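Have a look at the structure below, then the notes.
Source: prediction; values computed, not measured.
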Amino acid sequence: MLTIKASKLKQMFMSGADAVAKEYEYINELNVFPVPDGDTGTNMMITINGAVDAIRNIDYTDISLLGKHFSRGLLMNARGNSGVIFSQIIKGFTSVLKENKNEIGVVDFVDAFIAAKNVGYAAVASPSEGTILTVIRVTAEKLSKERNFKTIEDVMKMACREAHKILLQTPELLRELKEAGVVDSGGYGLCCFFDGMLSTLIQNVKQGTVEKIPLNKIRTKKSFIDKLEDPNVGFGYCCEFIMTLKSRVSLKQPHKKKFDLIQFKKEMSKIGDSLAVIRDSDIVKVHVHTLFPYRVLEAGTKYGEFNKVKIENMTLQFIERNPGTTLENLQEKINTKRKLPSDVKIIATVPSANIASIYKNQLNIAHTINTEVLGNPSIQEFLDKIRKAHSSNVIIVVDDSNVVLAANEAASLVTNEVNIKIINARNIVASYLACLSFDPIKDLHNNYKIIEKIIDSTVVGKTSISTKFVKYSHIEIQKNDFIGIMDKKIVVSDKSLTNVLQELSNKLVDEIRKPKLAYIVYGKDAQLRDIKFLKKHLMETHSLKVTVLNGSQPTYSFYIAIQ
């Protein structure tokens, strides 16, 4: 077929739903992840069946209207993380369907898969590879490269083939899958849906489902407790709600706040993880795992009122699904897992991959958070690094004061298991000196004291370029001037970077009694002649021993530290 009409696409959606329903129990068994927020197969089946009910009794002549109804039905019935993500994949797929048209052609059908990938990834705060998202991404990329399709059947055949190929690779992309010897459950469900869609186009199609592993092999390699990485209080709560923006339960209520999707995701990421937030016009759907469900509800009610709310205790779910487990022996196992090694580990935020490499190779600091691409790290990113450090004693060194609050909040969430000290180095060169002074043989308290002393005995300046004219009582700055900054104060401004480097370094040296050492961390835009000039000036004029590092950091071309 060169095109398919709305009636045929409706049949494809319904056949996809039937295929998932036939496999949902096996999809459940593939779900080996330690947080039991409902089984993937059940969640996907309920999600899709709810959408099928929304379109079942309507004869569509507008293919866009079919897409809107099916997509909205998925969102309103989405259950669990898998259901929410699947709903967004299909939302993307249906977004290319044109209004007032009764058919879709080959080119648009390929574009539907590409849009499905884009919308699916956008829905998840921290996408993980080796999941349903990987399956749709790789499938869409393969279709996009091929493009030379004669019929929609050809597109759908290749989509199914490529989806199954990447599904078989998911254990290599996600450690938990490889340990259990299974493919991703959500990805398997998506493949089933695609197979069902294809069966409507081609009679007696042999669906490409992967070979089923005997179920007794799936959950015997490691118990859920062995995989549990965040054992705060059992598994916490799975929270889901659908909210209508700006709605109020009474006219006497104050008006709701203006909703900003990006800011709301940031707000929710501070409360929990496994976050998915979806907006469809005035409807917002949220899925999140948290230890504090009341905070989830408080965050939501600032912007609207709830249509549906579901909060499930995942610890009790786990106990119900694992015969012989009680709250007491579960807690005992969790407490046993909490016994972490006592050696001190450092986690450091860094502004570039170059600095991360220096920390790892020169300072033996393995746990870094690179802020170059994604900006300030979330609480969840700090928590992930704390877990990976696998120690009961951790020092977090941050190179930017703006991330201290997130680090503090993350530390507060694991206070029962990990002793954490936070060092606000304020800039990357002070952070480097802090990590340089770390002694893994010493305990947490002594390391903290040494690092604090090092930072207190160091002065740091930095250079940048002014973006506008500014006049202060002590200095006038022209646009595009090179500027030198000390302690958040601009102390020198000039058209010549050489003059700024010389004057700034002189001021820094004057701040230290009997200075001996200087450190230069140069950024992306630094020129070799300026690096050589600064190093020579510090060595010859001030008789300092100079260390030069390529930080490749943005914004500030030079950091200069004097000790």
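- The shortest side-chain heavy-atom distance between Leu201 and Thr151 does not fall under the 4.5 Å cut-off.
- Considering only residues two or more places apart in sequence or on other chains, Ala163 meets the side-chain contact (heavy atoms from CB on, under 4.5 Å) condition with Val135, Thr139, Cys191, Phe194.
- Between Ile283 and the choices Ile242, Ile278, Leu245, the side chain to side chain contact (heavy atoms under 4.5 Å, CB included) rule is met once, by Ile242.
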Show your reasoning for whether side chain to side chain donor-acceptor pair (under 3.5 Å) applies to Glu129 and Thr134. CA-CA 5 Å; Glu129 293 302 330; Thr134 305; 2.6 Å; yes
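- Just one residue in the list Asp184, Val138, Ile85 forms a side chain to side chain contact (heavy atoms under 4.5 Å, CB included) with Leu133, and that residue is Ile85.
- At a cut-off of 3.5 Å, with distance as the only test, a side-chain donor of Thr42 or Asn28 sits close to an acceptor on the other residue.
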Please report, to 0.1 Å, the donor-acceptor pairs under 3.5 Å made by any side chain of residues 102-110, with sequence neighbours excluded.
{"from": "Glu103", "atom 1": "OE1", "to": "Thr3", "atom 2": "OG1", "distance (Å)": "3.3"}
{"from": "Asp108", "atom 1": "OD1", "to": "Lys98", "atom 2": "NZ", "distance (Å)": "3.3"}
{"from": "Asp108", "atom 1": "OD2", "to": "Lys98", "atom 2": "NZ", "distance (Å)": "2.8"}

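- Residues satisfying the side-chain contact (heavy atoms from CB on, under 4.5 Å) criterion with Ala51, sequence neighbours excluded, are Phe70, Leu74.
- The salt bridge (charged side-chain N to carboxylate O under 4.0 Å, His left out) analysis of residues 55-65, with sequence neighbours excluded, yields the pairs Asp53-Arg56.
- When the side-chain hydrogen bond (donor to acceptor under 3.5 Å, both in side chains) test is applied to Glu146, no partner is found at least two apart in sequence or on another chain.
- Rounded to the nearest 0.5 angstrom, Glu312 CD and Cys239 SG are separated by 9.5 Å.
- In this view, Lys68 and Ser64, Glu99 satisfy the side-chain contact (heavy atoms from CB on, under 4.5 Å) rule, not counting sequence neighbours.
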